[in-house]
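All figures in this text were calculated on a predicted structure; none of them were measured in a lab. Quick note: residue numbers are just sequence positions, from 1. Order of appearance sets the numbers: ligands from 1, and atoms from 1 within every ligand.
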Amino acid sequence: MLRSLALTLPLGLLACGGALPQATALDAQRAHVELAQLQEGRSLLVKRCSGCHATPRPREHVAAAWPTSLGQMSERAHLDLTERGMIEQYLVVMAPK
Ligand code: HEC
């Protein structure tokens, strides 16, 4: 509880309606990726996708729809391929199936 508050508060820009979910070891395990990668994707999402609108939350799209939606936004956010891949991974893993 305290730990998640400490992580969430400095981000500041989060819209109401629930905090951006933190990836857990379980998420990493079921997606067969490193937890650190998902955490990096989340942090990039906050940094790069919050300038024009509230930080998008994974549950706004089903997993299969995120790559297309992110494709349109990655141009606007000037993401390179690595950044796009990290953000996409976080969104896809954390989104409803
Ligand atoms: C330069 C401004 C800008 C940046 C940066 C930006 N967006 Fe957007 N985004 C918009 C605008 C404007 C809209 C609404 C109009 C539209 O859908 O074209 C939008 C709409 C959206 C939507 C709702 C429509 C849809 O396709 O589902 C999502 C989700 C979204 N953005 C995700 C992201 C993500 C993820 C990032 C970071 C990679 C991002 N945005 C970065 C300007 C931006």
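- Nearest heavy-atom pair across Leu45 and Pro56 is CD2-O, 3.5 Å.
- Taking the side chain as every heavy atom from C-beta outward, Arg30 and Val93 approach each other to under 4.5 Å.
- Within a 4.0 Å radius of atom 30 (C) of ligand 1, the protein contributes one or more non-hydrogen atoms.
- Distance check for atom 11 (C) of ligand 1: a protein heavy atom is found below 4.0 Å.
- The two residues Ala77 and Arg48 come nearest to each other via the heavy atoms O-NH2, 2.8 Å.
- Within the 4.0 Å heavy-atom cutoff, Gly51 does not count among the residues contacting ligand 1.
- When all heavy atoms of Glu83 and Leu79 are compared, the pair lying nearest together is OE1-CA, 3.3 Å.
- Residues Pro58 and Leu20 approach most closely at CD-CD1, 3.7 Å, considering heavy atoms.
- Contact record, Leu38 with Tyr90: O-CD1, 3.6 Å, taken as the closest heavy-atom pair.
- We find the CZ-CG distance between Arg84 and Leu91 to be 11.5 Å, quoted to the nearest 0.5 Å.
- For atom 24 (C) of ligand 1, the closest non-hydrogen atom of the protein is His61 NE2, 4.7 Å.
- Compare Ala65, Cys52, Gly71 by their heavy atoms: the one nearest to atom 43 (C) of ligand 1 is in Cys52.
- Taking both residues in full, the closest heavy atoms of Met86 and Glu40 are given as CE-CG, 3.1 Å, listed atom of the first, atom of the second, then distance.
- Contacts between Arg48 and ligand 1 below 4.0 angstrom, taking non-hydrogen atoms only, involve the backbone exclusively.
- Checked by distance only, ligand 1 and Glu60 stay at 3.5 Å or farther apart across all their nitrogen or oxygen atoms.
- Using a 4.0 Å cut-off to heavy atoms of Leu79, the atoms of ligand 1 that qualify are 38 (C).
- Note on Cys49: not counted as a metal contact of atom 8 (Fe) of ligand 1, no N/O/S atom lying under 2.8 Å.
- Atoms OG1 and CG, from Thr24 and Leu35 in turn, are 7.0 Å apart once rounded to the nearest 0.5 Å.
- Counting only heavy atoms of the protein, atom 7 (N) of ligand 1 lies nearest to His53 NE2, 2.8 Å.
- Using a distance-only test at 3.5 Å, with no hydrogens or angles considered, no donor-acceptor pair links the side chain of Arg59 to the main chain of Pro96.
- With hydrogens left out, the protein atom closest to atom 26 (O) of ligand 1 is Ser69 OG, 3.2 Å, a heavy atom.
- Checking only distances, Ser74 never comes within under 3.5 Å of ligand 1, N or O to N or O.
- Among protein heavy atoms, the minimum distance from atom 33 (C) of ligand 1 is reached at Met73 CG, 3.1 Å.
- Near Trp66, the atoms of ligand 1 lying under 4.0 angstrom from a non-hydrogen atom of the residue are 29 (C).
- If you number the atoms of ligand 1 from 1 as listed, the ones under 4.0 Å from a heavy atom of Leu70 come out as 35 (C), 38 (C).
- Looking at atom 14 (C) of ligand 1, its nearest protein heavy atom turns out to be Arg76 NH1, 4.6 Å.
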